[in-house]
Amino acid sequence: MASLKELSKKQDLLSPGHRLCAGCGVSIVVRQVMLATENPTVVACATGCLEVATTIFPYTAWRVPFIHNAFENAAATISGVEAMYNALVKKGKIPKDKRIDFIAFGGDGGTYDIGLQSLSGALERGHRFLYVCYNNEAYMNTGIQRSSATPYGAHTTTGPAGDVSFGKKQDRKDLTQIVAAHKIPYAAQASPSHWNDLVTKVKKALNCGGPSFINVIANCNRGWRNDTGKAVEVCRVAVQTCYWPLYEIENGKLKINVKPKEKKPIEEWLKYQGRFSHLKRPENRHVIDEIQQIIDRDWERLLTLEKAHQSQ
Amino acid sequence: MAKRESMTGNQVVAECMRQINPDVVAAYPITPSTEVMQIFAQSVADGLVDTELVTVESEHSAMSACIGASAAGGRVMTATSACGLALMWELLPVASALRLPIVMTVVNRALSAPINIHCDHSDSMGCRDAGWIQLYSENAQEAYHNIIQAAKICNREGVWLPVMVCVDGFIISHSIESVEMLEDDEVQRFVGEFKPRKPLLDVDNPVTYGALDLQDYYMEHKKQVDDAIQSSKSEILKVAEEFKKEFGYEYGLIDSYMMEDAEVAIVALNSTAGTSKYVVNMLRQEGIKAGVLKIRVFRPFPADEIREALKNVKAVAVLDRSSSYGTAGPLFLDIRSAMYEADSKPFITNYIYGLGGRDIGIDELRSIYEGLISSIKEGKPARTYNWIGVREKV
Ligand SMILES: Cc1ncc(C[n+]2csc(CCOP(=O)(O)OP(=O)(O)O)c2C)c(N)n1
Ligand code: SF4
């Protein structure tokens with residue numbers, strides 16, 4: 001476990017002065033991830049808010065070596081970097097004991113959708129890297145379009161709520177489980193509201209010896225229409241309502257890290273966010289109920305999975 | 001000492017890669033280049049190289065991994081064809097703009113649809129504007145020499161660009177040729193130690209690759225790519241000169257065959273240049289002053305050299321194994337544009353030929369030369385844009 005005091009003494013590897021929006025959850029997530037690194041680290045990043053806002057030439061907010069290649073290929077790009085590291089160690093050009101870690105960052109669009117193939121390939125090949133999906137549940141950089149991570153009932157610009165629509169008609173894709181099905185040594189879900197859990201997970205992931213994946217919820221106040229000061233709070237409520245369960249799958253065993261004593265109703269989570277405000281309309285009441293059902297169902301399934309795994 | 005061996009073009013390419021022993025190779029199969037990676041993978045499996053072979057899940061990831069690996073700081077190679085190259089297309093300008101010295105063999109093949117696995121140049125021509133140096137190879141021997149030179153050209157100071165070495169699918173990739181192979185240590189010595197520039201793995205000196213450029217910098221950075229590729233001409237020639245000194249083979253940006261006194265000429269890329277030379281030998285015996293101008297380096301485009309080579313010719317046919325549909329052949333467009341500044345301009349015609357692996361035979365090449373001769377006799381150019389070897393009705 002990391003102590004807050006220790007962490008606070010570490011240099012931020014994502015420097016101030018980047019141009020992510022004030023109150024954006026993404027920069028908090030990335031800072032926490034980078035604070036957890038213990039070795040020199042090379043970062044690859046998919047196209048999206050994080051990349052465009054941190055690397056506007058001639059500036060860069062990255063204090064570590066960084067590469068942006070394209071939208072859908074952060075995992076393949078970091079595969080190449082890691083392969084070169086292995087080649088140069090093998091050839092004696094990098095000393096054997098010079099450990100370097102590799103992290104790829106991608107938004108939900110660049111991970112759940114267009115980048116899924118590249119991620120799947122890299123996981124299957126077993127490169128030693130951590131993939132962090134900062135999940136703000138829509139394509140934010142291009143103006144809040146729906147992605148397969150967008151929740152049921154949310155308003156986005158390509159799945160808007162309107163006179164005859166309540167927003168997104170489909171449930172989210174469960175990427176964490178899809179990733180876990182690759183049988184990689186470590187996969188998890190995390191939230192910046194639970195920094196200790198997140199930092200611990202990053203450390204575990206980087207030390208698992210193979211590919212690892214962490215899906216981190218990260219609010220986007222532009223897309224979610226939440227108050228700019230509530231980034232961490234809104235993510236915390238996501239955990240408390242079991243909308244975003246914190247769990248990890250270590251060598252195939254699933255463990256839920258945070259079990260709310262009292263599961264808050266989903267309205268608690270919806271009320272922070274303008275993207276659900278249309279659900280207040282009486283004709284959309286059923287959507288709230290359906291969201292609650294989805295969450296209850298998923299939570300039950302997770303508890304069952306955990307029980308099954310822990311009794312193995 | 002060089003030794004002669006009978007090999008297919010793909011074997012030669014794979015053998016060349018084994019001799020170079022790159023740090024990272026990314027591989028995804030596509031006919032007709034598949035065999036290159038199969039043979040190379042065997043070299044990896046047998047411990048003949050210490051390359052990290054990344055067997056990706058698509059060509060898009062192959063080029064992505066090459067970009068990551070190259071930025072990380074080492075020698076990187078791959079090979080592909082057609083649809084594979086098209087799938088990489090998005091990343092080709094990334095590789096050139098990040099100034100990454102990747103060497104890729106393109107075993108030329110037609111693009112779908114209709115799906116067709118045979119040779120034409122629509123794949124490599126489709127990415128001629130991506131900022132890659134493009135070398136074309138008449139036969140397996142030249143492919144071998146081109147790859148060795150490419151491995152040196154790409155990371156010469158001031159170049160730092162990716163290089164594509166083009167080889168005709170099946171015609172060269174699958175035909176057995178007698179090839180003079182160099183010794184492993186000769187190749188190693190010639191390509192030299194790879195010296196990385198601003199590698200990602202230099203963690204003590206962090207750099208950012210692939211930043212966002214807005215209106216204030218984008219053009220300057222693109223101009224730098226253009227400057228680099230324009231000035232790579234002299235480095236390509238210097239490497240050719242070093243190659244000649246070491247091994248005795250002569251290479252230039254273009255290759256003139258019987259052009260000193262030629263009145264009619266064919267300009268062609270890759271294997272068709274070889275067939276055309278054969279036809280020229282026949283015509284010369286009949287007293288016809290015919291020649292062939294082979295373009296070895298298509299990007300950067302050697303406009304001055306081509307103008308000089310064609311200055312005394314009366315009629316020229318440019319052969320394109322692809323079309324820029326709606327205008328004409330890409331090689332033709334560049335050549336005609338280059339000739340605009342010539343003092344005396346030959347008649348220039350364009351023939352689209354050999355798409356999807358259709359053969360171009362001696363008779364057809366002969367008829368092209370005959371067409372040039374009659375246009376000179378009649379004192380007027382023949383029709384500019386032609387397709388040859390196409391049935392009127394099917
Ligand atoms: C091949 C391709 N398609 C589309 C785009 C346009 N594009 C750039 S960023 C982006 C959305 C990114 O969304 P996400 O991955 O969720 O990250 P976020 O912006 O939310 O941080 C899109 C669609 C692109 N750059 N490349
Ligand atoms: S648009 Fe959203 S995700 Fe993008 S920087 Fe702003 S708050 Fe962050």
Side-chain angles (χ1 to χ4, degrees), chain A residues 13 19 39-45 47 51-94 98 100-102 104 115 117-125 127, chain B residues 21-26 28 49-76 78 88 90-91 93-95 98 100 102 193-194 196 198-214 216-218 220-221:
Chain A
L13 296 174
R19 307 205 206 159
N39 296 304
T41 303
V42 179
V43 166
C45 191
T47 313
E51 166 266 326
V52 301
T54 56
T55 67
I56 305 180
F57 192 87
Y59 305 106
T60 178
W62 293 90
R63 292 187 170 126
V64 294
F66 173 97
I67 181 165
H68 159 249
N69 186 345
F71 185 22
E72 62 286 62
N73 63 358
T77 305
I78 205 77
S79 302
V81 178
E82 191 251 7
M84 183 58 78
Y85 168 83
N86 292 334
L88 297 183
V89 167
K90 197 157 55 175
K91 289 185 175 173
K93 292 184 182 170
I94 293 178
K98 176 133 181 109
I100 298 178
D101 288 335
F102 305 97
Q117 172 182 317
S118 146
L119 173 63
S120 175
L123 297 177
E124 184 268 334
R125 291 191 299 275
H127 298 278
Chain B
N21 191 10
D23 298 304
V24 172
V25 165
Y28 195 77
V49 289
D50 34 20
T51 304
E52 280 290 308
L53 183 64
V54 189
T55 44
V56 281
E57 83 300 334
S58 72
E59 291 87 351
H60 195 281
S61 286
M63 189 42 62
S64 304
C66 284
I67 288 170
S70 186
R75 187 166 267 142
V76 177
T78 186
M88 287 179 182
E90 182 197 13
L91 308 166
V94 176
L98 297 184
L100 301 175
I102 299 161
E193 181 92 349
F194 185 89
K198 301 198 183 296
L200 284 172
L201 294 173
D202 178 4
V203 286
D204 300 325
N205 298 292
V207 282
T208 289
Y209 272 87
L212 171 77
D213 264 8
L214 297 174
D216 48 357
Y217 285 102
Y218 184 82
E220 281 71 18
H221 288 148

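Below, chain A is the first sequence line, B the second, and so on; all start at residue 1.
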Hey, which of [options] has the most heavy atom pairs under 4.5 Å with chain B?
| options | value |
| --- | --- |
| A/Ile94, A/Thr60, A/Thr41, A/Asn69 | A/Asn69 |
| A/Ala75, A/Ala74, A/Ala122, A/Pro58 | A/Pro58 |
| A/Lys98, A/Met84, A/Glu82, A/Lys91 | A/Met84 |
| A/Ser79, A/Pro40, A/Ser118 | A/Ser118 |

Please round to the nearest 0.5 Å and tell me the distance separating atom OG of B/Ser64 and atom CD of B/Glu90. 7.5 Å
Could you state the interatomic distance from CD (B/Glu57) to CZ (A/Arg125), rounded to the nearest 0.5 Å? 5.5 Å
With the side chain counted from C-beta on, respond yes when [X] and [Y] share a heavy-atom pair under 4.5 Å apart, and no when they do not.
| X | Y | result |
| --- | --- | --- |
| B/Leu201 | A/Pro65 | no |
| B/Thr51 | B/Asn21 | yes |
| B/Cys66 | B/Met63 | yes |
| B/Leu91 | B/Ile67 | yes |
| A/Cys45 | A/Phe66 | yes |

Toward chain A, the part of [X] with a non-hydrogen atom under 4.5 Å:
| X | answer |
| --- | --- |
| B/Glu220 | neither |
| B/Ala71 | side chain |
| B/Val94 | side chain |
| B/Pro199 | neither |
| B/Leu214 | side chain |

Part of [X] lying under 4.5 Å from any heavy atom of chain B:
| X | answer |
| --- | --- |
| A/Ala83 | both |
| A/Glu51 | side chain |
| A/Glu72 | side chain |
| A/Ile56 | both |
| A/Val42 | side chain |

Over 12 non-hydrogen atoms of neighbours within 6.0 angstrom of CZ in B/Phe194: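 Yes, enclosed.
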Relative to chain A, which of [options] shows the most heavy atom pairs under 4.5 Å?
| options | value |
| --- | --- |
| B/Val203, B/Asp204, B/Asp216, B/Asn205 | B/Val203 |
| B/Ala65, B/Ser58, B/Ala62 | B/Ala65 |
| B/Val56, B/Asp202, B/Asp213 | B/Val56 |

Does one side chain, of A/Thr55 or A/Trp62, offer a donor that lies under 3.5 Å from an acceptor on the other?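 Absent: no donor and acceptor within the cut-off.
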Apply ring pair (Phe, Tyr, Trp, His ring centres under 6.0 Å) to A/Phe102 and list each qualifying residue two or more places apart in sequence or on a separate chain.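 So A/Phe102 forms a ring pair (Phe, Tyr, Trp, His ring centres under 6.0 Å) with A/Tyr85.
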Under the ring pair (Phe, Tyr, Trp, His ring centres under 6.0 Å) test, which residues partner B/Tyr217, sequence neighbours left out? A/Phe57
